[in-house]
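The next block holds one structure in the form of structure tokens; read it before the comments.
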Amino acid sequence: MADKIKILAISGSTRSSSSNLNLINAITKLAADQFEVSVFDGLTGLPHFNPDIDHEVVAEPVASFRKQIRAADGVLICTPEYAIGVPGTLKNAIDWTVSSMEFSRKPVALITAALSGVKAHESLLGTLLIIESNMTSETQLVISGVKTKVSGDGEITDVHTLESVKKLIASMTAMVNGNAPVELLVAPVLY
Ligand SMILES: Cc1cc2nc3c(=O)[nH]c(=O)nc-3n(C[C@H](O)[C@H](O)[C@H](O)COP(=O)(O)O)c2cc1C
């Protein structure tokens with residue numbers, strides 16, 4: 001059997017009983033035959049992004065984060081929405097990759113799982129595409145009302161959500177393997 005696809009999963013919530021972490025666990029189980037998932041646990045250890053300290057040699061947590069993205073075949077981001085936006089800790093982490101371009105041509109799946117999530121999703125999708133992530137319409141998904149759709153023990157209990165997540169896994173797999181025609185999303189014209 002071919003090697004499994006190495007996925008670096010990032011939860012935009014650092015809450016101990018996070019629904020987004022439950023979702024990552026659910027995807028890890030659903031895609032156990034295709035994905036080898038490692039969960040990034042260093043979000044809160046990253047310094048606040050500042051271009052003045054974004055030099056050739058960066059702080060160790062930043063270097064480690066960048067290395068983990070580079071080593072992955074794809075990145076899965078599951079995040080809540082806070083105050084109609086992207087959680088600051090997650091945006092901070094992504095800002096650390098802009099100059100070093102780890103997301104450029106990297107297959108990425110984005111799920112925004114929140115009460116609503118639409119605004120954060122739109123914003124983060126724009127960010128990921130402008131930093132040249134490879135994404136398809138099926139590797140991005142909003143799960144509104146996530147707490148009624150994903151259980152604490154990592155099961156997706158809503159049938160429509162389960163279908164969409166299965167499509168996301170299949171599209172991510174096809175994109176990483178390059179063995180299926182996938183139409184990539186294009187970055188919005190922002191300025
Ligand atoms: C400070 C704060 C602000 C929030 N703002 C929004 C919001 O604007 N839109 C939304 O859909 N959900 C919002 N929520 C709800 C969270 O997105 C929701 O509880 C989500 O499930 C949290 O993710 P987690 O379970 O992975 O921690 C907010 C929650 C908090 C704590």
Side-chain angles (χ1 to χ4, degrees), residues 6-32 35-49 61 64-65 68-69 72 74-97 102-103 106-131 133 135 137-169 171-172 185 188 190:
K6 291 187 185 63
I7 297 287
L8 182 68
I10 304 171
S11 171
S13 169
T14 53
R15 217 162 60 80
S16 54
S17 55
S18 162
S19 318
N20 281 279
L21 189 56
N22 295 338
L23 187 56
I24 288 171
N25 291 335
I27 292 170
T28 302
K29 283 192 265 181
L30 279 170
F35 292 175
E36 181 187 309
V37 178
S38 54
V39 180
F40 178 65
D41 65 359
L43 214 57
T44 54
L46 292 168
H48 292 160
F49 176 71
S64 169
F65 179 51
Q68 288 178 61
I69 301 173
V75 176
L76 165 68
I77 298 173
C78 295
T79 182
E81 175 172 272
Y82 287 161
I84 321 188
V86 179
T89 45
L90 176 59
K91 182 62 166 57
N92 182 59
I94 293 171
D95 286 346
W96 274 113
T97 70
E102 279 75 20
F103 277 93
K106 183 68 67 178
V108 172
L110 168 65
I111 302 180
T112 307
L115 285 176
S116 160
V118 173
K119 294 287 183 189
H121 191 76
E122 186 184 36
S123 172
L124 191 49
L125 186 58
T127 298
L128 290 168
L129 292 175
I130 209 72
I131 60 175
S133 301
M135 301 182 69
S137 58
E138 290 184 342
T139 69
Q140 54 88 34
L141 176 66
V142 175
I143 303 178
S144 300
V146 62
K147 286 181 181 162
T148 64
K149 296 174 178 169
V150 180
S151 71
D153 56 357
E155 300 292 336
I156 297 171
T157 52
D158 176 72
V159 284
H160 298 296
T161 304
L162 183 59
E163 274 318 298
S164 301
V165 167
K166 283 181 178 171
K167 279 187 189 159
L168 177 139
I169 292 167
S171 191
M172 187 70 164
L185 295 177
L190 297 176

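As the structure lists them, so they are numbered: ligands from 1, and atoms in each ligand from 1. Values in this document were obtained by computation on a predicted structure and should not be read as measured data. Start at 1 with the first residue, then count along the sequence.
- The environment of D153 atom CG is dense: over 12 non-hydrogen atoms of other residues, nucleotides or ligands sit within 6.0 angstrom.
- Judged by distance alone, with hydrogens and angles left aside, the side-chain atoms of T97 form no donor-acceptor pair with the main-chain N or O of A93 at under 3.5 Å.
- Judged by distance alone, the side chain of T161 and the main-chain N or O of T157 form no donor-acceptor pair under 3.5 Å.
- When atom types are taken as modelled, the side chain of S13 and the backbone of S18 share no donor-acceptor pair closer than 3.5 angstrom.
- Using a heavy-atom distance under 4.0 Å as the criterion, the protein contacts of ligand 1 are S13, R15, S18, S19, N20, P80, E81, Y82, A83, I84, A114, L115, S116, G117, V146, K147.
- With hydrogens and angles disregarded, no donor-acceptor distance shorter than 3.5 Å links the side chain of D95 to the backbone of F49.
- The aromatic rings of F40 and F65 sit tilted relative to each other, their planes meeting at an angle between 30° and 60°.
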